[in-house]
Trainee: 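Dumping the structure here so I can ask a few things about it.
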Amino acid sequence: MWRGVSLFSALALFGAGLTACSVNHFERRDPWRDQAEQVCLAKKLVEPSEFITPIAAMDGPGPCGMQQPFRVTRLAGGTVLMKQRMTLGCPALAEAEAWLADTIQPAANLYFGVPVAEINAGSYSCRGRNNQPGAKLSEHGYGNAIDVMSIKLADGHVITVKGGWRGTEAEQGFLREIFLGACQRFTTVLAPGSNVFHYDHIHVDLARHDPRGLKRICQPLIKFTPQLGTGVERPLSRPVPPPRQPAAPQAPVDIEEDDPYGVSPMSRAGSPTQVARAPARPPAATAYTAAPPPRPAPRIAAAAPEEPAQDYDEPLQLGAPPPSTGPIY
């Protein structure tokens with residue numbers, strides 16, 4: 001018994017070691033991160049509400065965490081639902097609200113004629129970049145990044161980054177508008193085509209790629225002319241398919257009741273030896289009719305002892321014919 005407990009404990013410690021390896025404990029939180037939070041809070045760029053609530057400071061494991069995290073369930077004053085609750089620091093949350101107001105909502109109205117109702121996005125996660133163990137800590141570990149996977153419109157249509165990036169003309173235009181809009185606000189923006197890790201979401205963060213924080217990364221490079229802010233109206237696209245029409249009524253299925261063995265000479269009356277007829281094959285069950293109950297097997301009459309039975313080249317099989325292996329229509 002103790003051997004089993006020891007083995008379980010060893011496996012648990014091994015698993016904990018693997019988890020610890022996913023965070024580089026030798027990293028330290030750069031001073032600019034706390035300073036950016038303090039400036040954001042001092043300027044009151046994030047207003048707490050019933051949808052955006054301050055929670056306790058997060059410190060660790062390793063360099064992960066933030067001074068004043070916010071728990072977010074809705075954005076835009078409660079009009080846009082977050083499909084999964086987010087945990088963000090003040091700078092990333094302030095830029096997310098601005099991105100939604102300045103680009104995402106106008107692009108939705110421009111391309112689809114309806115506003116955004118829900119966003120499916122990921123936020124805080126203490127892990128290495130691209131979920132690679134031992135890699136440099138991701139901006140998600142500081143509550144400084146957002147991954148947008150899909151956006152749901154007020155009419156119920158869902159635009160996924162994975163499918164919409166190469167989807168309809170309107171979906172492609174909408175996602176490229178919000179991609180370029182993000183590049184105006186965030187220091188890192190990675191979309192499908194940037195690398196193999198971002199094929200299904202748009203990643204945005206506020207990392208500093210140089211000491212002054214002036215360098216920006218916006219990938220991939222795309223050939224696209226934004227239509228937001230041009231003042232030119234475009235015909236609205238309706239990617240939602242038309243309502244499905246009910247199927248036309250189907251004609252009833254014909255069922256053969258004829259006995260294919262009824263013409264057999266062995267079934268004629270008055271034969272010197274009475275041999276039972278093989279039963280007709282029961283109709284196969286289909287999607288429209290239920291299978292009929294099985295017909296009891298016929299009894300075989302005994303041959304009269306005073307007269308010998310007649311021989312036939314191909315005697316009729318007394319059992320039911322084997323079931324058909326062909327398709328059922």
Trainee: Using only atom types and a distance under 3.5 Å, with no angle test, would you say the side chain of T160 pairs donor to acceptor with the backbone of G163?
Mentor: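 Yes, because the side chain of T160 sits within donor-acceptor range (under 3.5 Å) of the backbone of G163.
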Trainee: Once you round to the nearest 0.5 Å, how far does CG of L81 lie from CD1 of I119?
Mentor: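 Output value for this atom pair is 9.5 Å.
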Trainee: Quick one: do L228 and F179 end up in the same hydrophobic cluster if we chain Ile, Leu, Val, Met, Phe, Trp and Tyr together by side-chain heavy atoms under 4.5 Å apart?
Mentor: yes
Trainee: Output a table of donor-acceptor pairs, distance under 3.5 Å, between side-chain atoms of residues 36-48 and any protein atom two or more places apart or on a different chain; print 'none' if there are none.
Mentor:
| residue | atom | partner | partner atom | Å |
| --- | --- | --- | --- | --- |
| E37 | OE1 | Q67 | N | 2.8 |
| E37 | OE2 | Q67 | N | 3.4 |
| E37 | OE2 | Q68 | N | 3.0 |

Trainee: Return the CG to CE distance between L93 and M66, rounded to the nearest 0.5 Å.
Mentor: 11.0 Å
Trainee: How long is the gap from CD1 on I222 to CH2 on W165, to the nearest 0.5 Å?
Mentor: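 Reported to 0.5 Å precision, the distance equals 5.0 Å.
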Trainee: Report yes if the side chains of K223 and R176 come closer than 4.5 Å at any heavy-atom pair, otherwise no.
Mentor: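 Heavy-atom side-chain distance check fails, nothing below 4.5 Å.
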Trainee: Report the C-alpha distance between R71 and T53 in whole Å, list the side-chain angles of each, state the deciding distance to 0.1 Å, and finish with yes or no for side chain to side chain donor-acceptor pair (under 3.5 Å).
Mentor: CA-CA 5 Å; R71 189 66 48 81; T53 55; over 6 Å; no
Trainee: Would you say the side-chain atoms of E97 pair up with the backbone N or O of A76, donor to acceptor, closer than 3.5 Å?
Mentor: yes
Trainee: Please determine whether side chain to side chain donor-acceptor pair (under 3.5 Å) holds for the pair H209 and T188, giving the CA-CA distance in whole Å, both sets of side-chain angles, and the decisive distance to 0.1 Å.
Mentor: CA-CA 9 Å; H209 303 293; T188 311; 2.6 Å; yes
Trainee: Under the 3.5 angstrom rule, does the side chain of E177 hit a backbone N or O of A107 as a donor-acceptor pair?
Mentor: no
Trainee: Between L88 and V80, is there shared hydrophobic-cluster membership here, with clusters defined by ILVMFWY side-chain heavy atoms closer than 4.5 Å?
Mentor: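 Yes, L88 and V80 fall within the same hydrophobic cluster.
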Trainee: Let me check something: do F186 and I217 share a hydrophobic cluster, defined by ILVMFWY side-chain heavy atoms less than 4.5 Å apart, either directly or through other members?
Mentor: no
Trainee: So for atom CG, which belongs to L214, do other residues, nucleotides or ligands contribute more than 12 heavy atoms lying within a distance under 6.0 Å?
Mentor: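 More than 12 within 6.0 Å, yes.
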Trainee: Is a side-chain N or O of D200 found less than 3.5 angstrom from the main chain of K162, in a donor-acceptor match?
Mentor: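 The answer is no, because no donor-acceptor pair under 3.5 Å joins these two groups.
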Trainee: Does the S49 side chain pair with the main chain of F51, one donor and one acceptor, at a distance under 3.5 Å?
Mentor: yes
Trainee: Inspect the contact between E139 and R33 and indicate whether a charged nitrogen and a carboxylate oxygen are less than 4.0 angstrom apart.
Mentor: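 Counted as a salt bridge, because a side-chain N and a carboxylate O are separated by less than 4.0 Å.
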Trainee: Is the backbone N or O of S123 less than 3.5 Å from a side-chain atom of H140, with the two atoms forming a donor-acceptor pair by type?
Mentor: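 Answer holds: yes.
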Trainee: Less than 4.5 Å apart, side chain to side chain, heavy atoms only: is that true for N120 and Q84?
Mentor: yes
Trainee: Give a yes or no on whether M82 and I159 share a hydrophobic cluster (residues Ile, Leu, Val, Met, Phe, Trp, Tyr; joining criterion: side-chain heavy atoms under 4.5 Å apart).
Mentor: yes
Trainee: Between S138 (side chain) and G128 (backbone), is there a donor-acceptor pair under 3.5 Å?
Mentor: no
Trainee: Under the criterion side chain to side chain contact (heavy atoms under 4.5 Å, CB included), I'd like the reasoning laid out for E95 against L206: C-alpha separation, chi angles, the key distance, then a yes or no.
Mentor: CA-CA 9 Å; E95 291 299 331; L206 292 170; 4.0 Å; yes
Trainee: Which label fits H198 and H201: parallel for a plane angle under 30°, tilted from 30 to 60°, or perpendicular past 60°?
Mentor: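 Geometry flag for H201 against H198: tilted rings.
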Trainee: Please report the interatomic distance CG(D34) to OH(Y142), rounded to the nearest 0.5 Å.
Mentor: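 Separation between the atoms: 10.5 Å.
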Trainee: Do F224 and I202 share a hydrophobic cluster (ILVMFWY, side-chain heavy atoms under 4.5 Å, transitive)?
Mentor: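 F224 clusters together with I202.
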Trainee: Side-chain contact, heavy-atom cut-off 4.5 Å: T187 with D205?
Mentor: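 Result yes, sub-4.5 Å side-chain heavy-atom pair found.
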Trainee: Going by the angle between their ring planes, with limits at 30° and 60°, are F112 and H157 parallel, tilted or perpendicular?
Mentor: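 The arrangement is tilted - the two ring planes meet at 30° to 60°.
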Trainee: Atom OG1 of T168 and atom CZ of F174: how far apart are they, to the nearest 0.5 Å?
Mentor: 11.0 Å
Trainee: Stepwise, does the side chain to side chain contact (heavy atoms under 4.5 Å, CB included) test hold for C90 with F70?
Mentor: CA-CA 7 Å; C90 183; F70 289 90; 4.1 Å; yes
Trainee: Evaluate M86 against Y124 for side chain to side chain contact (heavy atoms under 4.5 Å, CB included), listing each step before the verdict.
Mentor: CA-CA 7 Å; M86 294 198 305; Y124 175 77; over 6 Å; no
Trainee: Within the side chain of W99, is there an N or O that forms a donor-acceptor pair under 3.5 Å with the backbone of I178?
Mentor: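 Flag set: sc W99 to bb I178 pair under 3.5 Å.
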